[in-house]
Asks: 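Here you go, one structure.
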Amino acid sequence: MKVVDGHKRENIHFRWTKNLKPIEYIDSNETFRIKIPDSSTDQIKEYFTDDDAKNMDASMLDAAVGPFFVNNAEPGDTLKVTINNLETGNFGWSQTLHNFGLLSEEFSDELIIWEIRNNKIRSRRKNFLEDMSFDARPFLGIIGTAPQSGEFPMIPPQSFGGNMDNRHLKKGSVLYLPVNVSGALISFADPHALQGDGEVTGTAVETSCEAEITVEVIKNTKTDYPRIVSYENDNISGKFVNTMGINNNIYEAAKIAVREMIKYLENRGFKRDEAYILCSIIGNLKISEIVDVPNFVVTLSMPEL
């Protein structure tokens, strides 16, 4: 099995473009492993204080491991990405920032270091949530393919994926992404040990991870926006379909998520009006990401029928 080390500078990038040189070539249905740095790209250490964090180089944030060239993937195809396993690092971090996050103007800069051990997360900061622990629920904040044209920063998310910060991108989940260029040029980044919908401070429990991924090319099946199939949502067992709307207007993002679910259900044999009613009676519309302005991610989650 191929293993790619994203802690090496030659294996990461900081923009979305079709002009990047692939770091590895993989076949459809091939499984590989990736070592992925945290969103600071290894800048934050587990002994850091608030002052240490102020010296971070913002141009180094959210480095993506890739791109991977998927053989036989061509524009108009869909890339099926299965997350087989995620193993986090032994520490993580969160921040409140004066210039980023939903309530940034109300908070100063503060760094929280977390210990991650035996699937439990605990604060290492004195007098900060000292008596609490949280179950780790790791996922990948960034998975994306290359755009057909143009060049985009790592933030915000786009129709080809990218910085979606959708907590359903966890072990066992399957992500469907558009193929816009030959080889798809897929990349991975931004592991989280735990995050709530919205990621309101702008950070989750940021950590490093080692991921095991399988990709498959689905020929001649066009995808316009990312779609996730997950197995257990909010502690409810079963198979769930999660469609996403990505837009700079949160209301329009919600509309896109609903339309994408209607298209999915129509392809399953439901009439359009039936699909719309199903979205209303068993679909759950959630804000997955609200801070990576100017684009927001809204997810419609529904049990698979």
Side-chain angles (χ1 to χ4, degrees), residues 1-26 30-49 51-71 79 81 83 85-95 97 100 111 113 116 138-147 150-158 160-165 169 177 181-193 202-213 215 292:
M1 183 185 300
K2 293 172 182 171
V3 179
V4 174
D5 188 354
H7 299 282
K8 295 181 178 180
R9 183 64 180 84
E10 62 266 26
N11 290 332
I12 58 176
H13 64 88
F14 297 92
R15 66 193 191 279
W16 299 104
T17 172
K18 66 179 182 180
N19 298 321
L20 295 172
K21 182 180 179 181
I23 64 168
E24 187 62 81
Y25 291 77
I26 52 178
E30 183 172 353
T31 298
F32 54 100
R33 293 182 70 86
I34 318 168
K35 297 178 181 179
I36 306 175
D38 70 293
S39 61
S40 78
T41 316
D42 294 329
Q43 293 185 85
I44 288 188
K45 310 300 181 183
E46 56 185 316
Y47 54 82
F48 265 26
T49 65
D51 288 337
D52 294 321
K54 292 177 181 178
N55 297 320
M56 270 202 304
D57 181 353
S59 70
M60 291 287 291
L61 299 179
D62 283 334
V65 185
F68 294 81
F69 187 102
V70 184
N71 296 324
L79 200 63
V81 184
I83 304 172
N85 196 32
L86 293 172
E87 301 171 5
T88 70
N90 60 10
F91 83 98
W93 59 273
S94 304
Q95 274 188 306
L97 295 162
F100 190 57
L111 176 70
I113 300 294
I116 306 174
F139 72 96
L140 290 177
I142 294 176
I143 306 178
T145 52
E151 182 173 310
F152 300 87
M154 299 310 295
I155 295 175
Q158 308 285 346
F160 51 79
N163 202 335
M164 298 176 285
D165 287 326
L169 290 170
L177 287 172
V181 300
S182 293
L185 298 181
I186 186 170
S187 302
F188 305 83
D190 196 21
H192 297 154
T203 62
V205 177
E206 311 289 325
T207 189
S208 60
C209 87
E210 187 163 335
E212 183 180 291
I213 304 292
V215 296
D292 292 336

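Bear in mind the structure is a predicted one, so any value in this text is a computation, not a measurement.
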Asks: Stepwise, does the side-chain contact (heavy atoms from CB on, under 4.5 Å) test hold for Ile44 with Leu111?
Replies: CA-CA 10 Å; Ile44 288 188; Leu111 176 70; 4.0 Å; yes
Asks: Would you check if Ile23 and Val65 make a side-chain contact, meaning some heavy-atom pair closer than 4.5 Å?
Replies: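 Of all side-chain heavy-atom pairs linking Val65 with Ile23, at least one is under 4.5 Å.
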Asks: Tell me, please, which residues at least two apart from Asp51 pass side chain to side chain contact (heavy atoms under 4.5 Å, CB included).
Replies: Thr49, Lys54
Asks: Over all heavy atoms of both residues, which pair between Met1 and Glu212 is shortest? Give the atoms and the distance, please.
Replies: CE-OE1, 4.0 Å
Asks: Could you tell me if the side chain of Trp16 sits less than 4.5 Å from the side chain of Leu185, heavy atoms only?
Replies: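 No, side chains not in contact.
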Asks: With rounding to the nearest 0.5 angstrom, report the OG1 to CG distance, Thr203 to Asp165.
Replies: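 Taking OG1 in Thr203 and CG in Asp165, the distance rounds to 10.0 Å.
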Asks: Roughly how far apart are Phe48 CZ and Gln43 CD, rounded to 0.5 Å?
Replies: 8.0 Å
Asks: Does a side-chain heavy-atom distance below 4.5 Å link Ser40 with Glu206?
Replies: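 A side-chain contact is absent here, since even the closest heavy-atom pair is not under 4.5 Å.
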Asks: Measure across Ala184 and Leu79 and return the closest heavy-atom pair with its distance rounded to 0.1 Å.
Replies: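 In terms of heavy atoms, the two residues are closest at CB-CD2, 3.9 Å.
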Asks: Closer than 3.5 angstrom, by distance alone: can the side chain of Thr207 be matched with the main-chain N or O of Phe91 as a donor-acceptor pair?
Replies: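 A pair under 3.5 Å: yes.
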Asks: What distance separates Ile186 CD1 from Phe160 CZ, expressed to the nearest 0.5 Å?
Replies: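 Rounded to the nearest 0.5 Å, the CD1-CZ separation comes out at 12.0 Å.
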Asks: How long is the straight-line distance from CD1 of Ile12 back to CG of Asp5, given to the nearest 0.5 Å?
Replies: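 Asp5 CG to Ile12 CD1: 10.0 Å, rounded to 0.5 Å.
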Asks: Provide the closest heavy-atom pair for Gly66 versus Ser187 in the form atom of the first, atom of the second, distance.
Replies: CA-OG, 3.7 Å
Asks: Taking C-beta and beyond as the side chain, do Asn163 and Pro156 meet within less than 4.5 Å on heavy atoms?
Replies: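 Of all side-chain heavy-atom pairs linking Pro156 with Asn163, none is under 4.5 Å.
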Asks: If every non-hydrogen atom of Asp57 is compared with every non-hydrogen atom of Ser59, which pair is closest and at what distance?
Replies: OD1-OG, 2.6 Å
Asks: Got a second to check how far Glu46's CD is from Ile116's CD1, nearest 0.5 Å?
Replies: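 Those atoms lie 10.0 Å apart.
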Asks: Show your reasoning for whether side-chain contact (heavy atoms from CB on, under 4.5 Å) applies to Phe68 and Thr145.
Replies: CA-CA 9 Å; Phe68 294 81; Thr145 52; over 6 Å; no
Asks: Would you say Met56 and Leu61 make side-chain contact, with heavy atoms under 4.5 Å?
Replies: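 Side-chain contact under 4.5 Å: yes.
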Asks: Do Lys18 side-chain atoms and Ser182 backbone N/O form a donor-acceptor pair below 3.5 Å?
Replies: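 Here the side-chain-to-backbone pair does not exist.
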Asks: Give the ring-plane orientation class for Phe69 versus Tyr25, where under 30° counts as parallel, over 60° as perpendicular and anything between as tilted.
Replies: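 Phe69 and Tyr25: tilted rings.
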Asks: Which heavy atom of Ser39 sits nearest to which heavy atom of Asp190, and what is that distance?
Replies: CB-OD1, 3.3 Å
Asks: Given Phe188, which of Val4, Ile83, Ile34 fulfils the side-chain contact (heavy atoms from CB on, under 4.5 Å) condition?
Replies: Ile34
Asks: Assess the residue pair Thr41 and Phe14 against the criterion (side-chain contact (heavy atoms from CB on, under 4.5 Å)); give the C-alpha distance rounded to whole Å, side-chain angles, the decisive distance to 0.1 Å, and a yes or no.
Replies: CA-CA 10 Å; Thr41 316; Phe14 297 92; 4.2 Å; yes
Asks: Measuring only between side-chain heavy atoms, which start at C-beta, is Arg33 closer than 4.5 Å to Lys2?
Replies: no
Asks: Would you say that Cys209 contacts Leu140 through its side chain, given a criterion of any heavy-atom pair below 4.5 Å between the two side chains?
Replies: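 Yes, close enough: below the 4.5 Å cut-off.
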Asks: Distance check, rounded to the nearest 0.5 Å: Ile26 atom CD1 versus Asn71 atom CG?
Replies: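 Going from the CD1 atom of Ile26 to the CG atom of Asn71 covers 8.0 Å.
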Asks: Side chains of Pro191 and Thr88: does their closest heavy-atom pair fall under 4.5 Å?
Replies: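 Of all side-chain heavy-atom pairs linking Thr88 with Pro191, none is under 4.5 Å.
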Asks: Give me the atom names and distance for the closest heavy-atom approach of Val181 to Ala146.
Replies: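 Minimum heavy-atom separation between Val181 and Ala146: CG2-CB, 3.9 Å.
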